[in-house]
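Everything on this sheet refers to the single structure shown next.
When a residue number appears, it is its place in the shown sequence, counting from 1. Bear in mind that the values here come from a model prediction, so they are computed numbers and not experimental data.
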Amino acid sequence: MMKMPNLGLGTFRLKDQPLRDSLLQGLELGYRHIDTAQIYDNEAEVGQLMAESRVPRQDIYLTTKVWISEFGPGKVIPSLELSLEKLRTDYLDLALIHWPSPKDEVPMAVYLEQLAEAKARGLTREIGVSNFTVAQLKEAIDILGPGAIAHQQVEIHPLLQNRKVVEFCQDQGIAITAYMPLAYGKVLSEPLLMEIGKRHGVSAAQVSLAWLLAQGMTVIPSSTKRENLAANLAALKVQLSPEEMAQIATLERGERCANPDFAPNWD
């Protein structure tokens, strides 16, 4: 089984030419991890671009996420089969539940057991969740048993550090993918990150990514510009000192970018 590369290409809000620019340039530069979702409405395009890129399927770590409309009895597996068809592949590396069911309209056991069944059938190699609180993660572990949930994908960046969730995942051996790791560009003008970046000859964005990577997280920034894609990849080489790591930790201010009206009661 392929290990998830710790820097990936996020495709949220990307379609048409911007998606093409991001994926084809990204794969050419050496990215091997693509993150999409049913609700992004771009799985078919992602599948087409992967085919065009000529990078062998087994060399790409591919994640998609099941949307909340597909949680009911008997729905999760057909929805993933449709995703596979669109993505032009016969397996996913990771299938995630995109958000917990709003107000528990569908009981968690109903959709998580179907997700586990999808893995048992070989539709996906690993399964996980996204945007779950600590209480919801505990419930998920009670339902599927320890070790079944491989990943949690959640918003994390210097301005929103989600420490309770991070600590719980680390305790449970659940790998973390930080989405919106640049807080929609807000970190770019953060004076401390700019100052640390100057010291290393890199940008504030690269410092933000390096800070997350140093904590063992996977990051999935999104970009359509070749120079930004290359710069994000170069963040893998940035080594921050323990002092710099601690300084960045002081930037926490609960600044959440993704907070739809159906979001859970965050920790």
Do Ile141 and Gln172 pass the side-chain contact (heavy atoms from CB on, under 4.5 Å) test, and can you show the C-alpha distance, the side-chain angles, and the key distance before you say yes or no?
CA-CA 9 Å; Ile141 292 165; Gln172 297 293 323; 3.7 Å; yes
Joint hydrophobic cluster, Leu233 plus Ile220, side-chain heavy atoms closer than 4.5 Å
yes
Where Gln114 and Gly72 come nearest, the two heavy atoms and their spacing
NE2-O, 3.0 Å
Contact check, side chains of Thr64 and Leu84, non-hydrogen atoms, under 4.5 Å
no
Looking at CD of Gln153 and CD1 of Ile174, how far apart are the two atoms once the value is rounded to the nearest 0.5 Å?
14.0 Å
Do Leu27 and Leu94 belong to the same hydrophobic cluster, where Ile, Leu, Val, Met, Phe, Trp and Tyr are linked whenever their side-chain heavy atoms lie under 4.5 Å apart, directly or via other members?
no
Are more than 12 heavy atoms from other residues, nucleotides or ligands located less than 6.0 Å from atom CG of Asn265?
no
Under 4.5 Å between side-chain heavy atoms, hopping through other hydrophobics if needed: is there a path connecting Val129 to Val166?
yes
Between Ser208 (side chain only) and Val187 (backbone N and O only), is there a donor and an acceptor less than 3.5 Å apart?
no
Minimum heavy-atom separation for Ala263 and Trp266, please, with both atom names.
CB-CZ2, 3.6 Å
side-chain contact (heavy atoms from CB on, under 4.5 Å) between Tyr61 and Glu126: does it pass, once the steps are laid out?
CA-CA 11 Å; Tyr61 191 99; Glu126 292 185 293; 2.7 Å; yes
Ignoring hydrogens, what is the shortest heavy-atom contact between Tyr91 and Gln58? Give both atom names and the distance.
OH-CA, 3.6 Å
Salt bridge (charged side-chain N to carboxylate O under 4.0 Å, His left out) between Arg199 and Glu195: does it pass, once the steps are laid out?
CA-CA 7 Å; Arg199 234 176 278 156; Glu195 183 196 316; 3.0 Å; yes
I want to check something: taking the side chain as every heavy atom from C-beta on, are Glu155 and Asn131 in contact at a cut-off of under 4.5 Å?
no
Assess the side chains of His200 and Gln206: does a donor N or O sit below 3.5 Å from an acceptor N or O?
no
Spacing of NZ belonging to Lys15 relative to CZ belonging to Arg20, to within rounding of 0.5 Å
15.5 Å
Expected output: side-chain Lys75 to main-chain Ser69 donor-acceptor under 3.5 Å:
yes
More than 12 heavy atoms of other residues, nucleotides or ligands under 6.0 Å from CZ of Arg54: is that the case?
no
Donor-acceptor check, side chain of Glu70 to backbone of Trp67, threshold 3.5 angstrom: yes or no?
no
Counterpart residues, side-chain contact (heavy atoms from CB on, under 4.5 Å), relative to Pro242 (two or more places apart):
none
Check: Ala204 main-chain N/O paired with Glu190 side-chain donor or acceptor under 3.5 Å
no
Would you call Pro100 and Tyr111 a side-chain contact if the rule is heavy atoms closer than 4.5 Å?
yes
Determine, for Arg57 against Asp93, whether the closest basic-nitrogen to carboxylate-oxygen distance falls under 4.0 angstrom.
yes
Between Thr36 and Asn42: side-chain donor-acceptor atoms closer than 3.5 Å:
yes
Matching residue for Leu23 among Leu229, Thr224, Ile34 - test: side chain to side chain contact (heavy atoms under 4.5 Å, CB included)
Ile34
So Phe262 and Glu105, do their side chains get closer than 4.5 Å, heavy atoms only?
no
Charged N to carboxylate O under 4.0 angstrom, Asp267 versus Arg163?
no
How close do Pro221 and Leu182 get, heavy atom to heavy atom, and via which atoms?
CB-CD1, 4.4 Å
When every non-hydrogen atom of Phe71 is compared with those of Val110, the smallest separation belongs to O-CG1, 3.7 Å
Can you tell me how far the CD atom of Gln136 sits from the CH2 atom of Trp99, to the nearest 0.5 Å?
10.5 Å
Asn6 side chain near His33 side chain, heavy-atom distance below 4.5 Å:
no
Where the side chain of Glu252 meets the backbone of Gly254, is there a donor-acceptor pair that is under 3.5 Å apart?
yes
Salt bridge or not for Arg121 and Glu117, using N-O below 4.0 Å?
yes
Hphob cluster co-occupancy, Phe12 + Leu7, side-chain heavy atoms under 4.5 angstrom:
yes
Verify the distance criterion only: is there a donor paired with an acceptor across the side chains of Gln48 and Glu52 at less than 3.5 Å?
yes
Worked verdict on Gln215 versus Ile156 for side-chain contact (heavy atoms from CB on, under 4.5 Å)
CA-CA 11 Å; Gln215 297 173 72; Ile156 308 175; over 6 Å; no
Can you sort out the partners of His157 under ring pair (Phe, Tyr, Trp, His ring centres under 6.0 Å), two or more places apart, ordered by chain and number?
none
Quick one: do the Tyr184 and Glu255 side chains pair a donor with an acceptor below 3.5 Å?
no
Ile39 vs Lys65 side-chain heavy atoms within contact, under 4.5 Å:
no
Testing the basics here: between Gly10 and Ser222, what is the closest heavy-atom pair and its distance to 0.1 Å?
O-OG, 3.3 Å
Check whether Thr11 reaches the backbone of Asp35 with its side chain - one donor and one acceptor, N or O, closer than 3.5 Å.
yes
Would you give the length of the straight line joining atom CE of Met1 to atom CZ of Arg125, rounded to the nearest 0.5 angstrom?
7.0 Å
Carefully, step by step, assess Met180 and Leu160 under the rule side-chain contact (heavy atoms from CB on, under 4.5 Å).
CA-CA 10 Å; Met180 291 178 183; Leu160 176 77; over 6 Å; no
May I ask whether Val46 and Leu9 are part of the same hydrophobic cluster, defined by side-chain heavy atoms of I, L, V, M, F, W, Y residues being less than 4.5 angstrom apart, directly or through others?
yes
Could you walk me through whether Tyr40 and Glu45 pass side chain to side chain donor-acceptor pair (under 3.5 Å), step by step?
CA-CA 11 Å; Tyr40 298 173; Glu45 283 183 88; over 6 Å; no
Does a side-chain heavy-atom distance below 4.5 Å link Leu240 with Ile248?
yes
Does some side-chain heavy atom of Leu96 sit less than 4.5 Å from a side-chain heavy atom of Thr177?
no
